Amino acid sequence: MVADSWLTNLDCSASSTHSSDNTSFVLVVIEWLKFIFLSPCPQRILLSSVDLLFLFVLLVLAVKKLSSRFVIKNENSTASLDKPLLGGDERFQFRVTFWFYGSLVVTALLAICNSVLCMLAFSQGVQSRWEITEAFFRLIHGVTYFAIFVLIVHERRFVAVSHPMALRVYWGMSYAIVLLFAITAIARLFFTGDNLVLRMDDIVVLVCFPLYLCLLVAAIRGSSGICRTSQLENGGNSRLETDELDSNVSGYGTASLFSRLVWNWMNPVLSKGYESPLKLDEVPSLPPDFRAERMADFFEKNWPKPGENVKYPVLMTLFRCFWKDIVIISVLAIVQLVVMYIGPVLIQSFINFTSGDRSNPYEGYYLVLVLFVSKVIEVVTSHHFNFQSQMLGMKIRSSLITTLYKKGLRLTCSSRQAHGVGQIVNYMAVDSQQLSDMMLQLHSLWLMPLQLGASLLLLYYYMGVSMFAAFILIIGAMISTLWMTRKNNQFQLQLMLKRDSRMKAINELLGNMRVIKFQAWEEHFKEKIRSLRNKEFSWLSKFMYLLSCNLSVLWSMSQVIAAFTFGAAIIFKIPLDAATVFTATTVFRILQDPIRTFPQSLMSLSQAMISLGRLDGYMTSRELDHKVVEREEGCSGRIAVEVKDGMFSWEDDGDQIVLKDINVEIRKGELAAIVGMVGSGKSSLLASILGELHKLSGEVRVCGSTAYVAQTSWIQNCSIQENILFGSPMNDKRYKDVLRVCSLEKDFEILEHGDQTEIGERGINLSGGQKQRIQLARAVYQDRDIYLLDDIFSAVDAQTGSEIFKECVRGALMDKTIVLVTHQVDFLHNADLILVMRDGKIVQSGKYEELLEAGMDFGDLVAAHENSMELMESSTGASGECDLQTPKSPHQLTPKSPHQKCQEEANGGSSSLDQQPKGSSKLIKDEERETGHVSFDVYEQYFTEAFGWWGVAAVVIISLFWQGSTMLSDYWLAYETSEDHIFNPSLFIEVYSFIAVICCIFVVGRSFLVAFLGLKTAQRFFDQILDSILHAPMSFFDTTPSGRILSRASTDQAYVDFMIPLFLSIVLLIYFSLVGMLFITCVSAWPTIFLIIPLVWLNIWYRRYYIASSREITRLGSITRAPILHHFSETISGIMTLRCFRKQDKFFQGNVERVNANLRMDFHNSASNEWLGLRLEFIGSILICIATTIMVVLPSFVIPPEYVGLALSYGLPLNSVLFYAVFMSCTVENRMVSVERIKQFIRIPSEASWRIANCLPSLDWPYHGDIEINNLKVRYRSDTPLVLKGISLRINGGEKIGVVGRTGSGKSTLIQVFFRLVEPSSGTIIIDGVDICKLGLHDLRSRFGIIPQEPVLFQGTVRSNIDPLEQYSDDEIWKSLERCQLKDVVAAKPEKLDAPVVESGDNWSVGQRQLLCLGRVMLKKSKILFMDEATASVDSQTDAVIQRIIREDFAACTIITIAHRIPTVIDCDRVLVVDDGWAKEFERPATLLERPSLFASLVQEYSNRSTGV
């Protein structure tokens, strides 16, 4: 029997399978299998059997349903008939999606088609057994699909949300059999002889095949396309779907099957974007099935249960969630793979037809028709494969980001520190994106062997054993590329680690920029970041150059494989004609894709596995145990807070115990105060009550709801009102009362926009006192039972502190239970219970008088406070008679300016609100966004940054030569294999090999040149943006969220480092390839030249139409990405506050909203890409089919057969190349937005020069510290009011000056002017004869010392924090630590000076951080020292010691101190009282206290604070 006999045999009998007795059993089985599965008649019988079986099952189930009505005699028996035939559910309100209508339409089409064919068969008469079989087959199949049609209608009536399992199994089996039909039909078409025969039944099968594919997808999905919204039987309110409430929801959800097939639902968005640049609210929201909240719930439901032992939980969960999507994408990939090889197979048929006698003209048209259908299927499946892969990636990213955020809300403190905020942000930004991107590469891993196998089989069919030469080369190329890919993966891992380190340093730089500018440390941090960048750049260079080697191998593979294969064919005497040669070259081109993508897929898989490992580590980190604290709300009893035998640790393993032997009992309504030295464990005790610490032993019981006010203020980036409300509904009366008791009314009078003023990132535009009072107001407004207040008085002045204590603590919160950590001893006599702590233990507890009598630690604290008060009283003794006449408030003398800003309080915070135009409460401006085309200037700056236009010209010339040599090799093939030419094997292979070598040289040269230019350009851009950011004025950082800067330093810089040079190189090659294809196609089929003009016009028009929207969506995507990370960072920094107030759900919803806002950009960007690709590839397919038709119609002497092969080998991939040329050019433009964004920050206006060559101060300047201020006026911007209105004074060298004043008086502005963070509008500051405005900023700032109010530590060690410039010896550092009371603490640590300091110094208490900052200044020994509330966070005893040490160590220095504690400034040589921008008083304290004065009023307030509250 011949090999193809089963394909053409219409006999329904099995007689042909009989064989002789000596035939083996295996051969008999094979013959039977061929007969059943390859012969047309048994195939029909097989499918008819499946149809009949399905109808039988349907009938049995229907009878069972009907009989139940008569058999079951109860009240529910009739209700069973109201359920769907094959299983259903209760009645619901529902909505119908396109999947339902799609299934309905497809089944109707199949039923109609088979019914019509059946009627035609019977009407024409049936004579043979085959015709009877075909007719009855159509009848049975038509009846089956009619029954399915009725069943689907039945599903809608009874709201069946999923198809019956029997139907899904039937669709799967029928698809498998119809796929067999299609394969044998194609085989009959091409492999059964020279005469092309296409029977009607084969045409029907091929045309209907996509319909069966749609039903297979529906079977895999399982959903019927009917979605329930609410249950009617419950009688509850119907819950509308989100998309019904959202009028701007994407059209995808309601689009028809055809609209989804060709992305017509994108037309309204693209049309709007073409008319005008898209705005954020003009991009539709996500369809419901893609939204983050659904993905988060889905992910959580599929997370492995506690009992499951899963090694890779994240991977397992993702698979459980999205396996159906993976299967659907796999089916699309298989279909695409099958139709991809139809084109190469047709080349030989076309050449044979054009070189033959052309006796059957319809044969050529059949070939063109088959080519067109295969191309259309290829176009549709390839773009739906891409789209569905991107959607799957988007769902994965959405699931991961929301889950990572939710996990962050539950992490213990130890776990959070182990990963770090920056690292968790990387999990969200990098790892989730890598897993998302992996979805496009995933299927290449299993498709590649299939593609390779199919290609090699085709090569073997046409070229015999010479195929093995190609196989050996492919294996060699794969091994080399796999090795290089593996090395590159190692390089990329190192690159990611170095990039993480650099980003952490930049994040630290941005978070502490004010301190860095005060200390003139910009150059130190610049070198630090450059050093990290150089390490990163070293790995980036290795990665790029090895990638260039890899790309060189892959791009030159087709030429090299062709040369070796043709050489082997010549050696083995295999004849080479045009049909064989051009079929082979087309297969070689197809082989390029899997060979190129496979290493990248492996690399992506490896990266994805690394990311999964990182995510597994994070997702399995220890969570906070809510059972640590026994919480009970509304409980009876007198005890509010109780801790028994408590032992706690911040570490999950309990290695470092921070609290031990804790026994506390606080009654309801009591005020309990916690006092102790710095680092004694006061804040840790509050954290243990909140359940934030790891409990090693004991019991904690809290009766009632809790509120928490942290020592380090946590303020959100929103309006003041939103911060106070904190998600609670507005109650006007309560809100006003809260503002009053928290002393915020006067601040709102100062602010132009009152409580609607937007607060900057980390509260940057507020003073420390204002931030503390706002978060206190937030806690009071929530109206909780128990209030935990951590040192709320340290950042406010005496009067404000007294008012808060009287009006808030002892007023509004009188009936509440309050646990107050404080250093203010003067409030303690009001406490019902005082807890004294030392070394993590409660060493004393009781009432004020009891503890005072006992002495010990509490006695020492009170004694230190009384000593400072005695010092003050000795200074005020002479002024006792004047007390009654002392002005009650400075504000009674000098009214406030309505324009004055809140941030000029004593905290060193600069004004940013002043810089906003009137009428706007918005501090943080919307991010700058270019619109329209990326300007040519951006391209020019990028192209010419490294070597001008010469580098660009070199790349273009090399690429041009490469394309020319490629075309030359194919023309040589056509020339040598033409019928008119005598074939010379040796000359043929020598010339072809020489051209292949030339091609390889050009490929290697171009790859390395592009890598070199790209690296050079990326490094120059980085240096420029770093330099620009470091030179930016402080006002820039006040009004620019760090997320915007970080996104440019991370994502945008990564694109410039790697993606843009690679994409530009690919675009250049693709356009040269496209021109070459069009040139060869037009030369080979010259009439198609008339189609080029409309083709070019259509492509240009489509590109313009598409890029107008795509570019803006890409820009909006970049803008909406940063808020996700910023919101997470903000959440983590205030996690204790969030958890205390139980606001996790509200903040999680905020995360979901931000993720949805970003994902809708990704969704519509992907859809617009496929919208464009489908149309361009369809146009390209039409062009190649028209060109092929011309070749078929014109006689062979017009277009020789060899040129038909040449044209087809170039023309077959034309549709995809046409799309990728336009798509990649658009992608480059979208990616050039990164260059545009970096360029925006390179152009930031700079502050004054760091150094001025001709104005250098002498090395020992300032000599004495004499300061002369003449008529100093300061405004923050030319159009804002004066903040300092004409201050004139003189300070002698060595004087100690205290600066006091109310909120907004201008104290901190004065200090900022000394450091020129704000430049004077007029007037001068002369220090030791030098005008400071004439000096360079670093020459000025480096000569001063400053201790800011908010202590700032950098990640590193104690040594690197106290001596960041490495200028001092260990002995000097130890002496400095001893003087600032930290020597014992540091010496107790095993690492000594190398003891670690984590991010933001979180492993040190706030007081210890302040002391370390003091140690820095002591090392520096500046002649002029500024202290801005330097000891606000330490106790009175430590404060007294520090003040004494400062006076001893800086006896000869000029010291200017801003303070709220009057004892801190009472013994100063002179006191400066600043009010409303004027220097109202400047005298010795004793002199000011002898008469009515503003200073006397402040002293009196402080003296009366203890007795008046």
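Atom set for the values below is all heavy atoms of this structure, side chains included, hydrogens, waters and symmetry mates excluded. The first residue of the sequence shown is numbered 1, and numbering continues consecutively from there. None of the values given here were measured: they were computed from a predicted structure.
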(request) Answer yes or no: is there a donor N or O on one side and an acceptor on the other, between the side chain of Ser1109 and the main chain of Tyr1106, under 3.5 Å? (result) no
Quick one: side chains of residues 996-1012, donor-acceptor pairs under 3.5 Å with protein atoms, not counting sequence neighbours, listed by atom name and distance.
{"unit_1": "Arg1006", "atom_1": "NH1", "unit_2": "Ser1065", "atom_2": "OG", "d": "2.5"}
{"unit_1": "Ser1007", "atom_1": "OG", "unit_2": "Ser552", "atom_2": "OG", "d": "3.3"}
{"unit_1": "Ser1007", "atom_1": "OG", "unit_2": "Val1003", "atom_2": "O", "d": "2.9"}

(message) Between Ser1028 and Gln1024 (side chain of the first, backbone of the second, donor and acceptor by atom type, cut-off under 3.5 Å), is there such a pair?
(response) no
(message) So does Asp1162 get a backbone contact from the side chain of Ser1166, meaning a donor-acceptor N/O pair under 3.5 Å?
(response) yes
(request) With sequence neighbours left out, write down each residue that passes side chain to side chain donor-acceptor pair (under 3.5 Å) with Ser556, or none if nothing qualifies. (result) none
(request) State, yes or no, whether a side-chain contact exists between Ile1060 and Val1228 at a heavy-atom distance under 4.5 Å. (result) no
(request) Please name all residues satisfying salt bridge (Lys or Arg N to Asp or Glu O under 4.0 Å) with Lys498, sequence neighbours left out, ordered by chain then number. (result) none
(message) Listing request: all side-chain hydrogen bond (donor to acceptor under 3.5 Å, both in side chains) pairs with a residue in residues 502-511, at least two apart in sequence or in separate chains.
(response) Arg502-Glu536
(message) With a 3.5 Å distance limit and no angle check, can you tell me whether Arg1020 reaches the backbone of Glu945 through a side-chain donor-acceptor pair?
(response) yes
(message) If the test is side chain to side chain contact (heavy atoms under 4.5 Å, CB included), which one of Asn1158, Asp437, Asp431 qualifies with Arg397?
(response) Asn1158
(request) For Ser436 and Ser432, indicate whether the former's side chain and the latter's backbone hold a donor-acceptor pair under 3.5 Å. (result) no
(request) Look at the side chain of Arg614 and the backbone N and O of Tyr427, then say whether any donor-acceptor pair between them is shorter than 3.5 Å. (result) no
(request) Mind checking salt bridge (Lys or Arg N to Asp or Glu O under 4.0 Å) for Arg530 and listing every partner two or more places apart, or none if nothing turns up? (result) Asp1023
(message) Salt bridge check, Glu1236 against Arg1111: does any charged N sit closer than 4.0 Å to a carboxylate O?
(response) no
(request) For the residue pair Phe1241 and Ile1244, establish whether any side-chain heavy-atom pair is separated by less than 4.5 Å. (result) yes
(message) Taking salt bridge (charged side-chain N to carboxylate O under 4.0 Å, His left out) as the cut-off, I'd like each qualifying pair that reaches into residues 1054-1063, sequence neighbours left out, listed once.
(response) Arg499-Asp1057, Arg533-Asp1057
